[in-house]
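Presented below is the structure to which this report refers.
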Amino acid sequence: MQLWVLVTLTAALFQCWRTAMQQKLRGQLSVNAAAVVRYLYGVPVGAALLGGYMLATGGALPALNWQFLALCAAGASGRSSAPTC
């Protein structure tokens with residue numbers, strides 16, 4: 001079996017699991033609270049992926065500057081609210 005098939009099937013499995021868990025949380029919390037929980041559970045995974053990439057490539061995080069922070073603020077203020085289903 002090719003690696004991309006295994007990765008795709010695993011991603012589909014985790015997507016289905018995440019959706020089921022979010023639906024369960026929506027019964028106990030508001031829609032927005034369930035979305036916050038979903039994103040907070042993704043933070044450690046993102047940090048692990050970033051750390052693995054940095055270790056594999058020998059890279060480092062760039063220094064923060066005001067231009068970067070201004071662009072982050074502009075992107076955050078332009079975000080629309082999550083649709084409700």
Hey, what do you get for [atom1] ([X]) to [atom2] ([Y]), rounding to the nearest 0.5 Å?
X	Y	atom1	atom2	result
K24	L29	NZ	CG	11.5 Å
L3	T8	CG	OG1	9.0 Å
L9	W4	CG	CH2	8.5 Å

Inset, instruction - Mind jotting down which residue pairs meet the side chain to side chain donor-acceptor pair (under 3.5 Å) criterion with at least one end in residues 41-69? Sequence neighbours excluded, please. - result: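 Residue pairs with at least one partner in residues 41-69: there are none.
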
